[in-house]
Number of protein chains: 2
Amino acid sequence: MFSKACEYGIRATLHIARQSQGGHRVSLKDIAGAIDSPVAFTAKILQQLVHANVIHSLKGPHGGFEMTPHQLHNVRLSHIVSAIDGDQIYRGCGLGLKACNELKPCPLHDQFKDVRDKLQLMLETTSVSELAAGLTEGLTFLKQ
Amino acid sequence: MFSKACEYGIRATLHIARQSQGGHRVSLKDIAGAIDSPVAFTAKILQQLVHANVIHSLKGPHGGFEMTPHQLHNVRLSHIVSAIDGDQIYRGCGLGLKACNELKPCPLHDQFKDVRDKLQLMLETTSVSELAAGLTEGLTFLKQ
DNA sequence: TCTTAAAAGGATAAAAATGTCCGAAATAGA
DNA sequence: TCTATTTCGGACATTTTTATCCTTTTAAGA
Ligand code: FES
Ligand code: FES
C-alpha cells in the first residue's frame, strides 16, 4: 500500500508527536530505536518531512526533532503520505494506466475509485495527534 | 497499490477473458499490444497466471492463451492479485509492522483495517468476466 | 519427416527502492 | 575560542522490481 519509506515516515512522526505532546525533543537515534527502523535511512526520511513542514528540527547539542503546536494541531496522515509517496495513491489508476480518466476509464475504475476515495478520506481526516494519543495511553504500538 | 506486474496481470487477464468470451484464443504479442505492456515481461506474468490456474495456455502453431468456461465463471480479481502480489495487501499492517495484530495493534490499525477490508471485499466479489463485458460494450479501456 | 509458430524457462540487464557511510554545517556549553 | 553533539547532504552499496534476450519444448501442418 505505502512504500517502506512512507511507513517509517508515519511511524517516526507519530513517535515525535507523542514526545512533543509531552514537551520532549527526540534525537534520530531515539526515533530509530522507538520505531525499529534503520538509522541512516530514517534520517533521509526525516529530512523530507522537515522540508514538507510536517516536523521541525534543531541541530547541535540538545538538538533533535519535535513538532510545533501548530504542526501538532494541523498535520494529517495525508500530508506525510503525499510528502513521501506523492499523490499517485490518491489520483492514480488502479490498473496502471497513465492517468485515471473518467472519460476513458479502465474496467476497474468505478470499483477502484470507491476504495481509493475511502482511503484518501481516511488519510485526510486522521490527525497525527489523535493517533499519538493512543500511543500514550498504551493502547497501540510502533513496533512488535 | 498493486505492483506493475500485478497491473499488467489484471489487464492481460481481462483481455484474454474478453477474447475467450468471443471464442478467440490470443497470442502473447496480441496481449502485449492490447494492453500496452513489454512483451517479455508480460510473458513471465502470464506463466504465473497459468500456474495459478487463472488462464490456460497452448503451445505451438495456433497456440496462445485463453480462459476455459470454468475459469471465466470462477476467476475473481483477488485470485490474480494473490497469485502475483501475495496476500500482504489483504493481511499486512498498514504501517509495516511484521504482522497486523489485533492484540498489539499499530496506531492506524482500526482505520486501516476498514479500508483494507473494503479493498479485499471488492477484489473478492468482482469477477473477471463482468469487467470483460464492459470492455466488449466499449465502455472501458485497457490502454490510453 | 520437416518446417514453422508459439509458449516455457533460464540467464542476464537496467532501473528503482532501500539502506549505508562519511564529511560539512550548526549550535550549545566549557 | 574550542570541543562535543546533532542534523544535513552528497556519494555509494545492496536488494528488489522491472525488463530483455536467447535457447528449449511443444505441436500443427505441409
Ligand atoms: S481509469 Fe483506472 S482507476 Fe480510473
Ligand atoms: S497492526 Fe497495523 S494495520 Fe493492524
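Worth saying up front: this structure is predicted, and the values here are computed from it rather than measured. Chain letters run A, B, ... following the sequence lines, proteins first and then strands; every chain starts at 1.
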Winner on side-chain proximity to Pro61(A), out of dA28(D), dA4(D), dG9(D), is dA4(D)
Parallel, tilted or perpendicular, judged at 30° and 60°: which one describes the rings of Phe112(A) and Phe2(B)? tilted
What is the distance from CD1 of Ile45(B) to P of dT17(D), rounded to the nearest Å? 13 Å
Closest listed nucleotide, where the reference is the side chain of Leu28(B) and the choices are dA19(D), dT20(D), dA7(C): dA7(C)
Distance, nearest 0.5 Å, that separates CD of Gln19(A) from CZ of Arg25(A): 13.0 Å
Name the nucleic acid region contacted by His56(B), choosing base, sugar-phosphate or nothing; use a 4.0 angstrom heavy-atom cut-off, strictly under. nothing
Sugar-phosphate only, base, or nothing, as touched by Lys29(B) at under 4.0 Å among non-hydrogen atoms: nothing
Euclidean distance, His109(B) NE2 relative to Leu131(A) CG, rounded to 0.5 Å: 13.0 Å
Looking for any heavy atom pair under 4.0 Å, which part of the strands does Leu58(A) touch: base, sugar-phosphate only, or nothing? sugar-phosphate
Where each residue is assigned the nucleotide of DNA chain D containing its nearest heavy atom, which of Phe65(A) and Phe41(B) is assigned the position nearer the 5′ end? Phe65(A)
From dA7(C), dG9(D), dG19(C), nucleotide with atom closest to Ser57(B) side chain: dA7(C)
Considering only heavy side-chain atoms of Pro38(A), the closest of dT20(C), dT18(D), dA8(C) is dT20(C)
Taking the side chain of His62(A) as heavy atoms from C-beta outward, which of dT20(D), dA8(C), dG29(C) is closest to it? dG29(C)
